[in-house]
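Quick note on labels: first sequence line is chain A, next is B, and so on, each numbered from 1. None of these values were measured; they are calculated from a predicted model.
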Amino acid sequence: MTFAKSYEPGEYESDIYAAWEASGIFNPKLTTRPVDDDGDGFDDRNDGSRDTYSIVMPPPNANGNLHIGHGLTIALEDSLTRYYRLKGKSAWYIPGADHAGFETWVVYEKNLESHGHSRFEFDRDELYTRVWDFVAEQRGNMELQLRALGASCSWDDLTFTLDENVVDRVYTTFEKMWQDGMIYRGEKLVNYCPKHRTAFADIEVEHKDEHGTLWDIAYDDIIVSTTRPETLFGDTAVAVNPDDPRYKDRIGTTVHLPLTDREIPIIADEHADPEFGTGAVKITPAHDFDDFEVGERHNLERIQVIAEDGTMINVPEPYLGLTAAECRKKVLKDLKEQGLLVGEKKITHSVAHCYKCGTVLEPTLKEQWFIDVERLASTAIKHLENGEIKFYPENKQKVLINYLKGLKDWNISRQIPWGIAIPMFRKIDDIATDEPDWIFDRRTHLQVIEKAGVKYQRDDDTFDTWFSSAHWPIVCTNWTEENFNPYYPLNVMETGADILFAWVARMIMMGLYVTGEVPFKEVYLHGLVLDEHGQKMSKSKGNVINPMDLVARFGSDAFRLGILRGRSAGMNQAFSENSVIAGRNLCNKLWNISRLVQSIVDDKGAGAESRGAFATTGANDEASPVTTGASEEATRGSVTAPYQTLNMGEDWLCRELNSCLDQVEQAMTNYRFAEAVEILYQTIWDKYADWFLETQKIYKNVSLLKTTLETILIALHPFAPFVTEAIWQNLSWTDGFVANAKWPARLEFDPISAEQFENIRIIVSEVRTTLQALPGTNNAKKYSLLYDNDSLVNDNQLIIRTLTKVPTINSLDGAPRGLRLALANHELYLDVPENIVKEYKNNLTERILSVGRELDALNLRMCNPNYVERAPAHLVKETTDQIKEKEALISRLKTELEII
RNA sequence: GGGGAUUUAGCUCAGUUGGCUAGAGCGUACGAUUCACAUUCGUAAGGUCACAGGUUCAAGCCCUGUAAUCCCCACCA
């Protein structure tokens, strides 16, 4: 098998994924048998430790497509998973699919409407079945897209949010809460979307500033202001501030409610702000959240005047049955005619909207199931304050605690059929029995059940999606009360910062309530992926980037590298194609590095033959046989034979690779993905290719080339899984999958020799810089390098010549000539004719000035006695060393200038 | 009103507990061309680290204040 000239992701990616999946390496339950290389009977993978690593996928919508945010999620989560798998952990990345209750329902309802139907033609069970079929039809794309992104998740363990075990667990929790008295049914005001005809939790409401009108209406002698005159019919009081002198003597009296024959009381309540308007406010407990509370305090009647379908009820005949908007017009007109409308002005106020359709939400009185969150929240706060969960970014811990402290009771009832039925049944028979009105029962497939001779009817509502989602870590890991589960709590929960409250908070509360433990040890939150101008992506702006397009054009790895680049926890960040292109280039670079290494191995290595697991044209016989449980022997990446470093460049490379591994490990531990990618990019491109491989064109150390290439392949694998695997399979000497390789060991090298190579690099750079700065072009080919009494240069002529491309390097015979290079410890000259040297004079002067400025700064520091006294000794020494070096350099440059 | 962020090169971002002359990618300029890769190689230019004070031997980093931008929560009769 040969390496094509450039890496073509499309030719490899799907075959590679299929081979991984077939091998079973993504399922830790198939691969957790001991690995025993040295035959001592102990599992010796990763220092013998065989601990677990678990992470769950925030479930994408089962019947949707992945968007750019999913792309980021997968890049982050899969990098972690692959990294810890390579580190030898039993890494379990559990995939999921979301029934996406409301989202899917909205799509389905639109679909129904487009076919001329309405949801009200069907009963709930029928609708549920229909949506189920609808989702089943649409399903599957998302899972294919996850594969295309390289997600190394255990597909056998995919959890759908309506799976039986999920529903069971949700019912168990609900039952426990019911028994613990945390669930109550209450008539409360809820945010109600008249279009979708369902209530929402507070968190789902979107407040937007809107322009509106504030009308002043005379209730006898008292003027009240309102933006919603149509709710006047629901007024049951007028409130004034108890300290407001204007109304002191009116408290306890009544006013006449316009357009009706009712008298309503004037009450004293802090809610009325004396500064606002006239200081008197109408109270409509059934249609306003604040008024509801005032009503509770004063025991006021709640009169619902707007029905769930948005029409007027419980109002005088002329207004009955009008829509709220029509009613408002008529009320205003009638008030005006009676001279009771005494003023109006434009105002801006914030209005609650449905986050899905934008309809103005109607605060509506409704009986719903609520969770008393007091116990859940306070427990969560305690564990959070205890530091049991580490947050990235850190500040989110405080933000979350702050949120939990102000958390209100949680409305878990939704009036949409697509979801998990609430397992509560209401007594039908109005007979006097001691039986409670509501009972818990799991048989939600039945509309009516009978218990102890009494018939009960199922509540038609379903659970808020977040109620079941809150169980995600529990249900994905199959946590049970009975058995110890090494995968729970999860090592990390990775998700979007925007659902910290909606999801993360609820998982923590639920995890603690159900299992007594926090559901994860760490939380990593990512920000939004913005477009290249820093704008939020949206369909209406037309700036949406489809991750699958990028994958198709540049490859999955390029996308992953691109989206991780420069990203840090919790931050919204712009994203552009450029970073993906940079990623694509790195993949191609790595491919060509491997191509060169393989060609050297082929030339020099004896008897090398391809043992790749499969060919580029498709999975071959060697890859597919592993179907039942992975044999680790067959799938684990191999490690090459020992090597010896034979020259300075090799020692240097080993040193740099070790340092790279250190930094990548450090970065991954701290979730600094961008940093890990950055250091790998630098190491592979600048160090491995530009310096080391260039020297290997001279000294071909086959065993070292093999080992070091494996090192960079494995280290990059978490971020660029496909190209590293494609190369691994293409190389003649590697075995198994790089996806299941061992994280590289540190390389042995001679540190003194490694440091020597730094000197070579400095010399080479100086030669290059000078050659570029000299007048004329093609200088490298024109001028030779001369050296005087310099063993480093003498011994490394070949390397220096190769790297600088100068034609010859000679020992200086006789007096110095040409241009002396500005190197402190080396006598090196470029054999440049005198007239050219003179032209270079300005350059030299410039250089002296700049070094002089640096020297001044250093001297200034040393003149400060406090610095010498108080700064750490090694810094002071460093400074003195540098002063010496700069001084030497300057005098050298000056002599040079004098000669000219 | 409460809370959380951001401000560093033309653009997008790093800069971990204070330590040398503030880094990277992209972009720009100049130079290179059969020999792994033009998805390439070499070189360079480009920054008053938002502003003003303070602490310190030393501040992009810590403290105080100011300005601009953004997000979340609550509220707006």
> Which residue, Ile581(A) or Leu858(A), contacts RNA chain B at a nucleotide closer to its 5' end, judged by nearest heavy atom?
Replying inline: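 Taking each residue's closest nucleotide, the earlier one in sequence belongs to Leu858(A).
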> Which comes earlier along RNA chain B counting from the 5' end, the contact point of Pro872(A) or that of Ser568(A), where each point is its nearest nucleotide?
Replying inline: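 Per heavy-atom nearest nucleotide, the more 5' residue is Ser568(A).
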For [N], what is the paired nucleotide under Watson-Crick or G-U wobble rules, both distances under 3.5 Å?
N: G1(B); answer: C73(B)
N: G60(B); answer: none
N: G18(B); answer: none
N: A50(B); answer: U66(B)
N: C35(B); answer: none
N: U55(B); answer: none
N: U12(B); answer: A24(B)
N: C30(B); answer: G42(B)

Of all the choices, [options], which nucleotide is nearest to the side chain of [X] once you look at every atom?
X: Lys886(A); options: U21(B), G42(B), U39(B); value: U21(B)
X: Asn778(A); options: C26(B), A5(B), U33(B); value: U33(B)
X: Trp685(A); options: G15(B), U40(B), A24(B); value: U40(B)
X: Asn395(A); options: C37(B), C26(B), G4(B); value: G4(B)
X: Asn592(A); options: C37(B), G19(B), G42(B); value: C37(B)
X: Arg861(A); options: C20(B), G25(B), A36(B); value: C20(B)
X: Ala574(A); options: U12(B), A5(B), U39(B); value: U12(B)
X: Asn585(A); options: U40(B), C41(B), G15(B); value: U40(B)
X: Tyr867(A); options: G42(B), G19(B), A44(B); value: G19(B)
X: Asp202(A); options: A74(B), A36(B), A5(B); value: A74(B)

Using atom [atom1] of each nucleotide, how far apart are [N] and [M] to the nearest Å?
N: A9(B); M: U16(B); atom1: C1'; result: 23 Å
N: G23(B); M: A32(B); atom1: C1'; result: 27 Å
N: C20(B); M: A59(B); atom1: C1'; result: 14 Å
N: A67(B); M: C30(B); atom1: P; result: 45 Å
N: A5(B); M: C62(B); atom1: P; result: 12 Å
N: C51(B); M: U7(B); atom1: C1'; result: 11 Å
N: A22(B); M: C61(B); atom1: P; result: 15 Å
N: U21(B); M: U34(B); atom1: P; result: 43 Å

Indicate, yes or no, whether a donor-acceptor pair under 3.5 Å links the base of [N] to the side chain of [X].
X: Lys697(A); N: A36(B); value: yes
X: Lys589(A); N: C37(B); value: yes
X: Gln882(A); N: C20(B); value: yes
X: Gln696(A); N: A36(B); value: no

At 4.0 Å (heavy atoms only), tell me whether [X] reaches a base, stays on the sugar-phosphate, or touches nothing.
X: Leu214(A); result: sugar-phosphate
X: Asp690(A); result: sugar-phosphate
X: Phe501(A); result: sugar-phosphate
X: Ala871(A); result: base
X: Thr227(A); result: sugar-phosphate
X: Glu869(A); result: nothing
X: Arg565(A); result: sugar-phosphate
X: Lys396(A); result: nothing
X: Thr769(A); result: sugar-phosphate
X: Glu878(A); result: base

>> At less than 4.0 Å, is any side-chain N or O atom of Lys5(A) found next to OP1 or OP2 of A38(B)? Yes or no.
In response: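 Affirmative; the distance criterion is met.
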> Nearest 0.5 Å, what's the CZ-NZ distance between Arg761(A) and Lys687(A)?
Replying inline: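 Answer for the CZ-NZ pair, Arg761(A) versus Lys687(A), is 7.0 Å.
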> Between atom CG of Leu693(A) and atom CG of Leu709(A), what is the distance when rounded to the nearest 0.5 Å?
Replying inline: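 Atom-to-atom, Leu693(A):CG and Leu709(A):CG are 8.5 Å apart.
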Taking [atom1] from [X] and [atom2] from [N], how many angstroms apart are they, rounded to a whole number?
X: Gln663(A); N: G15(B); atom1: CD; atom2: P; result: 13 Å
X: Gln682(A); N: C26(B); atom1: CD; atom2: C1'; result: 14 Å
X: Asn588(A); N: U39(B); atom1: CG; atom2: P; result: 9 Å
X: Asn572(A); N: U69(B); atom1: CG; atom2: P; result: 17 Å
X: Arg672(A); N: C13(B); atom1: CZ; atom2: P; result: 16 Å
X: Lys781(A); N: G31(B); atom1: NZ; atom2: P; result: 15 Å
X: Trp691(A); N: G42(B); atom1: CH2; atom2: C1'; result: 10 Å
X: Leu407(A); N: G3(B); atom1: CG; atom2: P; result: 19 Å

>> Any donor-acceptor pair under 3.5 Å linking the side-chain atoms of Gln663(A) with those of Ser659(A)?
In response: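 Short answer, yes.
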> Any chance the side chains of Thr284(A) and Asp235(A) put a donor and an acceptor closer than 3.5 Å?
Replying inline: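 Judged by distance alone, the side chains do pair up.
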> Centre of Trp215(A)'s six-membered ring, under 6.0 Å away, within 45 degrees of the axis: is that where NZ or CZ of Arg328(A) sits?
Replying inline: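 Not flagged: Arg328(A) not positioned over aromatic ring of Trp215(A).
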> Do the numbers put Arg560(A) on top of the ring of Phe673(A), so that NZ or CZ is under 6.0 Å from the six-membered ring centre and no more than 45° off the axis?
Replying inline: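 Arg560(A) over Phe673(A) ring: no.
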Can a salt bridge be assigned to the pair [X] and [Y] using a cut-off of 4.0 Å between side-chain N and carboxylate O?
X: Glu385(A); Y: Lys405(A); answer: yes
X: Lys408(A); Y: Asp202(A); answer: no
X: Arg768(A); Y: Glu766(A); answer: no

> Relative to the ring of Phe3(A), is the ring of Trp591(A) parallel (under 30°), tilted (30 to 60°) or perpendicular (over 60°)?
Replying inline: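 Ring orientation, 0 to 90° scale: perpendicular.
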